[in-house]
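Worksheet for the structure shown next.
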Amino acid sequence: MNEWHGPILACHELSKFYAVGDGLFALSNVELEVERGQFVVIMGPSGSGKSTLLNILGGIDRPTHGEVLLNGRKYSRMSEDDLAVMRRRELGIVFQFFNLLPELTAAENIGMPMRLARMDERDIMSRVMHLLEVTGLTARANHYPVELSGGEQQRVAIARALAPRPSIVLADEPTGNLDSKMSQEVMKLFKRFNQEEGQTFVVVTHEDGFLDYADTLIRLSDGEIVERKVLNAKK
Amino acid sequence: MDLIRLGRNEIKRNWTRTGVALAATALAAWMLVVSHMIPRGYPWGVGQAERAFTGGDLVVLPLSSRVESRNGANLTVKPWEGRDWQSHALYYFHRLSQEGYISEGSLGWRAFDPREVMDLIKDVPGVARVEPYVSLPCLVGSVQAILRARDALDAESFPLSMARFIVEGEYPGPAAGSGMEALFPNFGGLEYNLVGSSVPVRVPRLVVNPAPSSKDPARLVGGAFGLGLDWDNGASVVLEVSGKYRVNTNQVLEPDATALPEFPAPGEEARFWDRPEVFVTKETFQEILAQTQAAVDLNQLPTYELLISVDRMSEAKAIASGIQEKLGEGFQVYPVPELKKLQVSGSALRFQGLDAGGLLQVQGFMLSGVIVAGSSYIMLVQQKRKIGLLRVIGATGKDVVVYVLTIVGYVAAAGAAIGFLAAKVLSLWSLLASEITAAEWIKLTFIDFISVFGMSLGISLALGTAVGLWAARVPSAEVLKRE
């Protein structure tokens, strides 16, 4: 289905400048390539540009300079609609604050990207049931977000990101609002999908625990990559 | 699809705004349905006065384009301001002279030979009778008036008869020797001519000119003439006042009343028809005409107006359309206001005409549409982050428009349903209290249903599309903003 054999995700000379006050470079000349199936962890202190980088990689935000490519296709040549279509097929995003739709149940939230992609309803139901089972939420399928705990909401958000079988998942502080036990569960979930379904993960986190699951570490400071480390953590 | 469910739940969550939009739509729907319960047209008495004076159910005027009112809409009488002596046109359209339709040389306003036109109209289904408006200006002493030829009273049918407006004396009989009888107005300086008295009247000689506009290449049915008046070669006749009439446009007559009621009723003002027409029979008119020129058949005399009686006034609009189709451009057909039998406790209420009624209904739905779309817009402005999230998980601009239209559509449909049902329950009363049959009521209900939902959804969705297109431009980056 995908003929591209280069890095699944890449960015070149990526910069993001905010013209506030004296001006601020949130990112400066970032070069990054993520290979298919990799589990990349991006770490760094607060304000180092981690979330900005992830948002630009997800096509949510636009860089001031530079280019992002997903499966070889340049974001700069895509409209907002093209990016939306790309996200629902190839790229899932997990937020720190879950961002579930409060009007929909857990199952409906998970099924939403697939329904937007006009997938077959039977396939959607089957995938939703599978994801609910994998994330341990089968009993909570018909509960609304407000009726779920933080950990459960984050698992729903993860299931939603994984639902259309994207080739890559970007997660921004996915355990930032969870206790340590829940954080462990989320990390295991990511690793499971990374290993079983071969999905690529790029996770922004402060959580050292993720290093046990990651095979590449990128460390950012003041908008620049200051460390690239291969961890070879395929466990 | 979950977007629809999302929209529905959004409506429930924003109940206050939704409630306002629902109420506005329901009110517009209610107004439309209830307005159909109010009879349109004129109360019996007022309507009859207008129809009797005009002498026809429909009038045909030589106008090349529509002057006022939608096609088929009723004429509405206004105070007479014109000098047209062979047509009621200026009674209805004050601005005709300023707009050039009745200026000499104008294609629109011309005299025509009625025979060819009448022949065409006679074959239109539903037409009972066609006759030209026949008159001459005249001087009654020094007072300007209009001498009008009409059938003898026994040839006139109710409700087009002038008989009910005679306040003294009687309608003129056929010409008898030198005694030429006339029905005089009881106003306009002519009220001093007593019944039984002889009144000197001068009429001009009628001059028929060639087409007023030689530039006109079009072949018009009935041809085109200009009518001139030659007072120097006119004739002086003496008319005997057989009776006096007074047409009061503020007067309600019961259909079966045999005499005019006391008028004015306490606290009410008299509003008389102020066009001073002196009625004579056609025979008398022809006799007078013969004194000024060679005798002519009145149906050959060029005229500016035809008067048409129809079999059923309820079909007047369809008949008017049929006539219009036959005559083509160059003529306009207008129904005279329809009569409605109403009990209005002695006051002559005028009901909203069709044009303004329809306009108000559309405006009602426009307003409700603005409120529905506006409330959706406010809702979406506060929910930009959610739209951003939808974009992040894969919603295209089209999906966002669908989401917005779902919200707007549900509110408009729900509001329309509430208003429709409320008004229909009320209209059950009209079913019980009127002569309307169950079948007619069901038919009206169906028409109301189509009108209410068509207008409510149509207008709201059109305005909602604009809001949707705005929402579709909200970028995914909105999801990054904290609420």
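No hydrogens, no waters, no symmetry mates; every other heavy atom, side chains included, goes into these values. Every chain is numbered from 1, with letters handed out A, B, ... down the list of sequences. Worth saying up front: this structure is predicted, and the values here are computed from it rather than measured.
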Checklist line | Expected output: side-chain A:Glu80 to main-chain B:Arg473 donor-acceptor under 3.5 Å | finding: no

Next item on the list: Just jot down the side chain to side chain contact (heavy atoms under 4.5 Å, CB included) partners of B:Thr396, sequence neighbours excluded, or say none.
Entry: A:Asp81, A:Val85, A:Arg88, B:Arg391, B:Lys398, B:Asp399

Item checked: Validation row: A:Arg62, B:Pro475 side chains within 4.5 angstrom (heavy atoms) -> no

Next item on the list: Please list, in residue-number order, every residue in residues 415-422 of chain B that has a heavy atom less than 4.5 Å from any heavy atom of chain A; write 'none' if there are none.
Entry: none

Next item on the list: Inspect the surroundings of CG in A:Asp61 and state if more than 12 heavy atoms from other residues, nucleotides or ligands are less than 6.0 Å away.
Entry: yes

Next item on the list: Using the test side chain to side chain donor-acceptor pair (under 3.5 Å), find all partners of A:Ser79 that sit at least two apart in sequence or belong to another chain.
Entry: A:Asp82

Margin query: Report which part of B:Ile393 has an atom under 4.5 Å of a heavy atom belonging to chain A: side chain, backbone, both, or neither.
Written below: both

Check: Given that the side chain runs from C-beta out, which part of A:Pro164 has a heavy atom under 4.5 Å from chain B: side chain, backbone, both or neither?
Finding: neither

Next item on the list: Starting from the C-alpha separation in whole Å, work towards a yes-or-no answer on side chain to side chain contact (heavy atoms under 4.5 Å, CB included) for A:Asn99 and B:Val392.
Entry: CA-CA 10 Å; A:Asn99 277 332; B:Val392 166; over 6 Å; no

Note to self: Quick check on A:Arg89: does its CZ atom have over 12 non-hydrogen neighbours (other residues, nucleotides or ligands) under 6.0 Å away?
What the structure shows: no

Notebook entry, point to check: With respect to chain B, which residue among A:Ser51, A:Gly59, A:Ala117, A:Ala84 yields the maximal number of heavy-atom pairs within a distance under 4.5 Å?
Noted result: A:Ala84

Check: Looking at B:Leu390 and A:Leu116, what are the two nearest heavy atoms and their distance?
Finding: O-CD1, 4.3 Å

Margin query: Within the supplied structure, the quantity of interest is the number of heavy atoms (other residues, nucleotides, ligands) at a distance under 6.0 Å from B:Phe449 CZ; does it exceed 12?
Written below: no

Checklist line | Toward chain B: residues of residues 124-141 of chain A with heavy atoms under 4.5 Å | finding: none

Notebook entry, point to check: In terms of heavy-atom proximity below 4.5 Å to chain B, should A:Arg160 be classed as side chain, backbone, both, or neither?
Noted result: side chain

Next item on the list: For each of A:Ile93, A:Asp172, A:Asn55, A:Leu83, tally heavy-atom pairs with chain B at distances under 4.5 Å, and name the one with the top tally.
Entry: A:Asn55

